[in-house]
Amino acid sequence: MRGCPVGDIYLSDAIVPDIDRLGAIDQGMEIGHNAHHTARFLMGALAAGIQDAALKASINYIQERELFGGKMSHLDGIKFRISDIAMGLHATKLIIYQAAWLRDQEVDHKMETTTAKLFGSDQALKAANHAMQIFGAYGYSKEYPVEHLWRDAKALQYAEGAYEKLQLDIANSVLFESREEFML
């Protein structure tokens with residue numbers, strides 16, 4: 001997340017020619033909301049990247065590290081963690097693919113982009129936590145990638161909307177929008 005600087009931009013008396021405007025006058029809020037959903041979609045992809053990196057780093061580490069007279073990769077407790085990371089990554093990717101498909105179909109995809117960001121960031125932090133446990137004390141060292149993944153995963157939970165706000169957005173989509181996939 002070091003490559004994603006955050007800051008304020010202040011404009012005063014700025015004149016924007018009609019050709020450079022993003023939309024019609026008074027459409028700013030709608031354009032901004034749509035931009036949030038694009039960003040949430042991208043945050044879901046970033047979360048999948050963090051999970052993928054945690055999985056690969058963990059696999060590489062456990063296939064080399066010896067513990068109790070054998071490779072760590074043979075320990076059931078380690079396998080449980082690898083399984084959790086892999087399942088979270090797979091589910092996050094499926095949510096992102098569905099959001100992308102809906103977007104390509106020009107169908108409402110706001111709930112899916114919000115879900116991709118919220119679920120994906122949860123799974124990214126879970127994957128980073130599992131990797132920390134797998135790496136043990138090395139997980140906190142800057143010599144290994146895990147501490148960086150953990151910091152990025154934690155920061156991702158705060159980007160593009162407060163957790164509870166996103167939960168409300170998803171709940172409101174399910175409760176108040178007519179969507180067949182939620183009807184049993």
Side-chain angles (χ1 to χ4, degrees), residues 1-7 34-104 109-167 169-170 173:
M1 298 293 278
R2 291 182 196 147
C4 300
V6 177
N34 288 333
H36 273 301
H37 288 287
T38 298
R40 288 176 186 164
F41 178 81
L42 297 173
M43 293 290 152
L46 183 58
I50 291 169
Q51 292 170 66
D52 186 60
L55 183 60
K56 286 177 180 169
S58 296
I59 289 171
N60 289 338
Y61 184 76
I62 66 173
Q63 287 178 337
E64 303 228 347
R65 180 94 160 102
E66 299 224 1
L67 196 61
F68 307 121
K71 300 286 184 195
M72 279 181 74
S73 58
H74 296 292
L75 299 173
D76 288 347
I78 298 298
K79 290 178 182 178
F80 295 150
R81 292 182 187 282
I82 294 296
S83 174
D84 277 352
I85 298 170
M87 287 187 303
L89 173 59
H90 187 67
T92 299
K93 284 181 178 180
L94 289 174
I95 295 167
I96 293 166
Y97 296 156
Q98 181 187 22
W101 184 82
L102 289 170
R103 183 178 177 154
D104 285 349
H109 55 279
K110 292 176 183 166
M111 195 205 73
E112 288 76 13
T113 58
T114 303
T115 303
K117 189 273 180 203
L118 192 60
F119 180 80
S121 64
D122 276 353
Q123 292 304 307
L125 187 59
K126 185 176 179 181
N129 281 331
H130 279 318
M132 278 276 193
Q133 288 297 117
I134 289 169
F135 275 72
Y138 291 127
Y140 295 100
S141 170
K142 290 194 183 228
E143 294 174 35
Y144 292 87
V146 178
E147 64 85 25
H148 179 73
L149 294 173
W150 190 90
R151 282 186 291 111
D152 284 354
K154 191 62 184 169
L156 189 58
Q157 289 194 313
Y158 302 111
E160 285 307 317
Y163 194 91
E164 292 78 10
K165 160 79 167 85
L166 299 179
Q167 284 184 305
D169 288 349
I170 292 168
S173 290

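Atom set for the values below is all heavy atoms of this structure, side chains included, hydrogens, waters and symmetry mates excluded. The shown structure was predicted, so the numbers you read here are calculated from the model rather than taken from an experiment.
Closest approach of I85 and A131 over heavy atoms only: CD1-N, 4.4 Å. Contact record, G44 with T92: O-CG2, 3.8 Å, taken as the closest heavy-atom pair. Annotation for L89 and A48: closest pair CD1-O, 3.4 Å, computed over non-hydrogen atoms. Heavy atoms only, all atoms of each residue included: A116 and I96 are closest at CB-CG1, 4.0 Å. Counting all heavy atoms, side chain and backbone alike, M43 lies closest to L156 at SD-CD1, 3.2 Å. Shown here for H109 and L102, the closest heavy-atom pair between the two residues is CB-CB, 3.8 Å.
With values rounded to the nearest 0.5 angstrom, E147 atom CD is found 9.0 Å from D152 atom CG. Interatomic distance, NZ of K154 versus CG of L149, reported as 15.0 Å (0.5 Å rounding). Interatomic distance, L94 CG to F119 CZ, rounded to the nearest 0.5 Å: 9.5 Å. Annotation: the span from S83 atom OG to L55 atom CG amounts to 10.0 Å, rounded to 0.5 Å. In this structure, CE in M132 is found 9.5 Å from CG in L125, a value given to the nearest 0.5 Å. Atoms NZ and OG, on K79 and S73 in that order, are 7.5 Å from each other to the nearest 0.5 Å.
Proximity of a side-chain donor or acceptor of S58 to a complementary backbone N or O of A54 within less than 3.5 Å is detected. Listed for the Q51 side chain is a donor-acceptor partner under 3.5 Å among the backbone atoms of A47.
Salt-bridge annotation for D169 and K117: absent, with no side-chain N of the basic residue lying under 4.0 Å from a carboxylate O of the acidic one.
Annotation: side chain of E66 is not in contact with side chain of M72 (no heavy-atom distance under 4.5 Å). Side-chain contact between R103 and T113 is absent, with no heavy atoms from C-beta onward closer than 4.5 Å. Counting heavy atoms from C-beta on, the side chains of Q157 and D122 come closer than 4.5 Å. The shortest side-chain heavy-atom distance between R151 and H148 falls under the 4.5 Å cut-off.
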(message) Run the side chain to side chain contact (heavy atoms under 4.5 Å, CB included) test on L166 and R40 for me, step by step, so that the C-alpha distance in whole Å, both residues' side-chain angles and the decisive distance to 0.1 Å come before the verdict.
(response) CA-CA 10 Å; L166 299 179; R40 288 176 186 164; 3.3 Å; yes
(message) Working note: Q123 + K126, criterion side chain to side chain contact (heavy atoms under 4.5 Å, CB included); need CA distance, chi angles, decisive distance, verdict.
(response) CA-CA 5 Å; Q123 292 304 307; K126 185 176 179 181; 3.9 Å; yes
(request) Please test T114 against M111 for side chain to side chain contact (heavy atoms under 4.5 Å, CB included), starting from the C-alpha separation and ending with a verdict. (result) CA-CA 5 Å; T114 303; M111 195 205 73; 5.6 Å; no
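Below 30°, between 30° and 60°, or above 60°: for Y61 and Y138 the angle between ring planes is above 60°, a perpendicular geometry.
Residue I134 forms a side chain to side chain contact (heavy atoms under 4.5 Å, CB included) with just one option from N129, L75, I62, V146, and that option is I62.
Surrounding NZ of K56 are at most 12 heavy atoms belonging to other residues, nucleotides or ligands under 6.0 Å away.
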